[in-house]
Amino acid sequence: MYSSREFHKSSYSPNESACVEVAEGATTAMRDTENREKGTLAFPSAEWRALLDAAQREA
């Protein structure tokens, strides 16, 4: 569904060994870099934006 070129490391991931990658667009997908073969979680862009907004309020 998503090519590896569309994914980039999340700026919220603190270190190189355990990070999350995201592919943003109309649907945002995220995956664990240590378990890429296990698939992705996908969210509509509005839900992804709401998640990021909530995380920023909590920080």
Please say whether more than 12 non-hydrogen atoms of neighbouring residues, nucleotides or ligands are located less than 6.0 Å from CD in Glu58. no
Taking atom CD of Glu21 and atom CD of Glu6, what is their separation to the nearest 0.5 Å? 12.0 Å
Minimal heavy-atom distance between Phe43 and Met30, with the atoms involved, is CE1-SD, 3.7 Å
Under a 4.5 Å cut-off applied to non-hydrogen side-chain atoms, are Asn35 and Glu37 in contact? yes
Give a yes or no on whether the backbone of Val22 and the side-chain of His8 come within a donor-acceptor separation of less than 3.5 Å. yes
Closest non-hydrogen atom pair between Gly25 and Ser45, with its separation: O-CB, 3.5 Å
Salt bridge check: are Arg57 and Asp53 linked by an N-O gap of less than 4.0 Å? no
Measure across Cys19 and Asp32 and return the closest heavy-atom pair with its distance rounded to 0.1 Å. O-OD1, 3.8 Å
